[in-house]
S.K.: 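Before anything else, here's the structure in question.
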Amino acid sequence: MTVKVSVVIAVYNPGKYVEDCITGLLRQSLTPDEFEVFFVDDGSTDETPARLDQLAAEHPHFHVIHQESSGWSGKPRNTGIEAARGEYVMFVDHDDWLGDEALERMYDYGKANDADVVVGKMAGIGRPVPQELFRVNRPRATVENAPLIDSLTPHKMFRREFLNEHGMRFKEGRRRLEDHVFVAEAYLRAKSVAVLSDYLCYYHITRDDGSNAGFQRFDPVGYFGNLREALDVVESLTEPGALRDKLFSRWLRNEMVERLRGKRLLKLPEDYAEELYTEIHKVVTERFGPGVVARLGLTQKVVAGLVFADRYQDIRTLAEWEAGIRPTGELTSLEWQDGTLHVGFDAELHNGDEPMTFRRDGERRLLDLPLSEEALGALDDQGIKLDAPLAKSDVDLVVRHREDARQFYLPVKSEPHEIEAGDSVLRQRISARAELDPETAASGAPLDKGIWDLHLRIKSCGWSKETRLGAVRGEDVEAGRLAALTGDPKRLVLPYWTDGPGNLSLDVDQHTNKLEGEAVAFMPPAEAAVEGDTVRLSLPLHIAATGGDSVQLRFERKNVGKYPADAVLDGRVATATLPLEKLTGMRWAVRVGVPSAARGERKWTRLPVDVVVDASGAAKVIDRHTPSATKKAAPSAPKKKAAAPRPLWRRAAGRIKRALTNQKKG
């Protein structure tokens, strides 16, 4: 059988972190004869070479190539390309891992769209990854119609014939940004690039020990020298104009401007920050024109303009001001409608404890920045105005899996509006409403069992700020926080507040025991009544109506028995009946059984009520939250004061005395 995919992994002293990578490869849905793996050991000095040799001996489709250390990942990746036999070559870092179906899905998607490059959806575990690129599937993406240039890491599939046709290989030696050079060339030469966004293919992690190669402090001179090589590739494969400016703006924004903003700049040692700025200033003035700057957001334009004007101290002043900017959100409504959770919220930017404000100048809305007159004049000379495009402000709501960082955008309708904050001063608040259908929220598929957190992201004036949602709530939100049974088979989806901050999360399919503490809330009085030869129990549950027999109640007593009873959920009241003779004369615990798709059965949760039917046939409900009025707690007896320990000399004397006594007896 033809090998579909060759996976190439450059390896150097990964230690324990290679195990997750290995596990992900062993779980792949492709069969072992459909893919091969090349671990290229670049002179590791830890236990990794022996571990990989053992792995290859156990799995014939795993191979290990040992070579002398080259200092970086370019040469081992090239070694892997030369050894590969697959139609596609997939690059993976030794401390990352793949989704279980990643290779199969990416290969099939690439073949279906005749793609030279396949980009699979990424999740960042402790590190940023592109967001906009993976909103939707893009079967025919280009650098012109999609934000491909935002993703320049090599963790993609490349058609092997395409790489060989153009002689594409990674630059070798100890260097930076060799992946930028390689991927940018691939994007510009490819006849087709396919972006797969409906399955999480690649997990890009931050090590606990912070030793990822990309996180180490770099030499600014060498780094920006390597960056110029990526710009050279773009210049050689594009004509001057809008497309080149668009591509160049990616490096200006991500590798230069963002390094000079807010906390990211301020946390650097001052001498290193100045050295970094010096090299950035050189590249900016050498390679970029006004068309590149025009592609940036407003605040990014301001920083770029200050770099062009060589005003480093003004950049630091602006960074100190920007360091206080944070997003805020207020949850204003929460309700289930026909199996869809409707979430209403307001979002706003703050600086410190105060809302962000803007100056009003007639019809103009201006950023009020802490810059000197000279700095403002330098920006004006470059045509950079401080007009804030408030009408374009927007907000996203994202649902993100807590354990593996998979995330999906929810449909949101937002409306920015202005609030008067003083004479010629205003604030901006964005009111939004989102819809979360648990059966389609994962790019058309159901949300998996687990905890899903809700995050909002405010995008305004070149800022993109993210925060959790729900810690601040409107007065009417609590009443709408019901659980719901959705899907087929049914499963419980429970909105709840997290411990501590009280943010909004979803427990899908009873991943935790939150149901008992959060969702099974009673609206008194719960009622039990004898009707003929049956007992009828009515319990108000905190579960949205689903009708039919979606829930069951069960009466149980230790060493006696468990008696399930079908329940009808009408509105929020579950009603069940059970033959009278089974209950008379005992106190029975009550549990509610809710469907669980993952278990394939019901999960039973103890309710805080008991039911008693006395000998006369009267039934009553005992609320276990409330102590009995007739049962007063007896006063506790005072604790006896603990005796002081005997001194060591007294204990020793006692032992000697007993020994002498025993000797006389003997």
Side-chain angles (χ1 to χ4, degrees), residues 4-8 35 77 81 84 86-93 96 98-99 101-124 128-170 177-202 204 230-239 241-251 253-254 295 409 443:
K4 293 180 177 179
V5 183
S6 298
V7 182
V8 174
F35 77 105
R77 287 180 186 146
I81 295 173
E87 292 181 64
Y88 283 87
V89 178
M90 175 81 192
F91 297 103
V92 176
D93 281 353
D96 296 336
L98 296 170
E101 301 173 23
L103 297 181
E104 181 178 13
R105 288 184 180 237
M106 292 177 70
Y107 174 82
D108 289 346
Y109 196 65
K111 291 289 287 184
N113 294 290
D114 194 25
D116 290 327
V117 183
V118 186
V119 186
K121 185 174 184 177
M122 303 175 70
V129 296
Q131 304 291 336
E132 295 295 326
L133 178 61
F134 300 118
R135 278 183 179 267
V136 296
N137 284 345
R138 304 175 192 268
R140 291 285 188 272
T142 68
V143 291
E144 296 181 81
N145 66 20
L148 280 177
I149 201 66
D150 288 347
S151 179
L152 290 177
T153 64
H155 314 120
K156 301 164 176 60
M157 268 189 193
F158 300 85
R159 193 164 58 84
R160 187 163 60 91
E161 288 185 4
F162 164 72
L163 297 181
N164 290 334
E165 176 187 353
H166 297 286
M168 291 180 54
R169 296 295 186 268
F170 289 91
L177 303 180
E178 79 292 339
D179 47 356
H180 286 207
V181 176
F182 183 88
V183 176
E185 181 178 357
Y187 285 159
L188 291 170
R189 292 192 183 280
K191 63 179 181 294
S192 176
V193 179
V195 181
L196 178 65
S197 301
D198 59 7
Y199 181 79
L200 185 46
C201 299
Y202 196 92
H204 201 23
L231 302 181
D232 291 341
V233 168
V234 174
E235 284 190 345
S236 68
L237 296 175
T238 64
E239 297 295 328
L243 176 59
R244 182 183 292 180
D245 289 345
K246 175 185 175 180
L247 299 180
F248 275 1
S249 71
R250 185 266 178 219
W251 282 279
R253 179 183 65 247
N254 289 23
R295 295 279 180 172
Y409 288 86
S443 294

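The model shown is predicted, which means the values in this text are computed figures rather than measured ones. Reckoned from all heavy atoms, side chains included, excluding hydrogens, waters and symmetry mates.
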S.K.: So, are Glu87 and Lys111 salt-bridged, with charged N and O less than 4.0 Å apart?
M.R.: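 So Glu87 pairs with Lys111 through a salt bridge.
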
S.K.: Between atom CG of Asp93 and atom OG1 of Thr153, what is the distance when rounded to the nearest 0.5 Å?
M.R.: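 The distance works out to 8.0 Å.
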
S.K.: Are any of the side-chain heavy atoms of Leu247 and Leu188 separated by less than 4.5 Å?
M.R.: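 They are in contact (side-chain heavy atoms under 4.5 Å apart), so the answer is yes.
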
S.K.: Between Asp179 and Lys156, does at least one N-O distance fall below 4.0 Å, as a salt bridge requires?
M.R.: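 Salt bridge flag = no for Lys156 with Asp179.
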
S.K.: So, do Asn137 and Leu196 sit near enough that their side-chain heavy atoms are less than 4.5 Å apart?
M.R.: yes

S.K.: With a 3.5 Å distance limit and no angle check, can you tell me whether Arg160 reaches the backbone of Val89 through a side-chain donor-acceptor pair?
M.R.: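 No; judged by distance alone, with no hydrogens or angles, the pair does not exist.
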
S.K.: Is any side-chain heavy atom of Tyr88 less than 4.5 Å from a side-chain heavy atom of Leu103?
M.R.: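 A side-chain contact under 4.5 Å is absent here.
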
S.K.: Apply the test side chain to side chain contact (heavy atoms under 4.5 Å, CB included) to residues Ser151 and Tyr187: give CA-CA distance (whole Å), side-chain angles for both, the deciding distance (0.1 Å), then the verdict.
M.R.: CA-CA 10 Å; Ser151 179; Tyr187 285 159; 4.0 Å; yes

S.K.: Between Lys246 and Glu144, is there a donor-acceptor pair closer than 3.5 Å when you use the side chain of the first and the backbone of the second?
M.R.: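 Such a contact is found between Lys246 side chain and Glu144 backbone.
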
S.K.: Once you round to the nearest 0.5 Å, how far does CZ of Arg77 lie from CZ of Phe170?
M.R.: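 One finds 5.0 Å between CZ of Arg77 and CZ of Phe170.
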
S.K.: For Leu163 and Arg169, run side chain to side chain contact (heavy atoms under 4.5 Å, CB included): C-alpha distance rounded to whole Å, both residues' side-chain angles, the deciding distance at 0.1 Å, then the answer.
M.R.: CA-CA 7 Å; Leu163 297 181; Arg169 296 295 186 268; 4.1 Å; yes

S.K.: So do Val129 and Gln131 actually touch side chain to side chain, heavy atoms under 4.5 Å?
M.R.: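 In short, these two side chains touch, coming nearer than 4.5 Å.
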
S.K.: OH of Tyr199 to CD of Glu104: how many Å apart, nearest 0.5 Å?
M.R.: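 If we round to the nearest 0.5 Å, Tyr199:OH and Glu104:CD are 9.5 Å apart.
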
S.K.: Should Met90 and Phe35 be marked as a side chain to side chain contact (heavy atoms under 4.5 Å, CB included) after you check the CA-CA gap, both sets of side-chain angles, and the distance that decides it?
M.R.: CA-CA 10 Å; Met90 175 81 192; Phe35 77 105; over 6 Å; no

S.K.: Hey, is Asp114 close enough to Arg140 for a salt bridge, meaning N to O under 4.0 Å?
M.R.: no

S.K.: Working to the nearest 0.5 angstrom, can you tell me the gap between Met157 CE and Met106 CE?
M.R.: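 Met157 CE to Met106 CE: 5.0 Å, rounded to 0.5 Å.
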
S.K.: If you compare all heavy atoms of Val234 against all heavy atoms of Arg244, which two are closest, and at what distance to 0.1 Å?
M.R.: CG1-CG, 4.1 Å

S.K.: How many angstroms lie between CG in Leu237 and CZ in Arg189, if you round to the nearest 0.5 Å?
M.R.: 5.0 Å

S.K.: If you count every heavy atom of other residues, nucleotides or ligands that lies below 6.0 Å from Glu132 atom CD, does the total exceed 12?
M.R.: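 Counting neighbours around CD of Glu132, more than 12 heavy atoms of other residues, nucleotides or ligands fall under 6.0 Å, so yes.
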
S.K.: Within this structure, what is the OH-CZ distance for the pair Tyr107 and Arg159, rounded to the nearest 0.5 Å?
M.R.: 11.5 Å

S.K.: Could you tell me whether the side chain of Arg138 reaches within less than 4.5 Å of the side chain of Leu133, counting heavy atoms only?
M.R.: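 Yes, at least one pair of side-chain atoms sits under 4.5 Å.
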
S.K.: With a 4.5 Å heavy-atom cut-off, do Tyr202 and Val92 have their side chains touching?
M.R.: yes

S.K.: Taking the six-membered ring for Trp, are the ring centroids of Phe182 and Phe158 within less than 6.0 Å of each other?
M.R.: yes

S.K.: Have a look at Arg250 and tell me which of Ile149, Leu148, Val143 forms a side-chain contact (heavy atoms from CB on, under 4.5 Å) with it.
M.R.: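 Filter result, single survivor: Ile149.
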
S.K.: Is there a side-chain contact between Asp198 and Tyr109, using heavy atoms and a 4.5 Å cut-off?
M.R.: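 Counting from C-beta outward, Asp198 and Tyr109 never come under 4.5 Å.
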
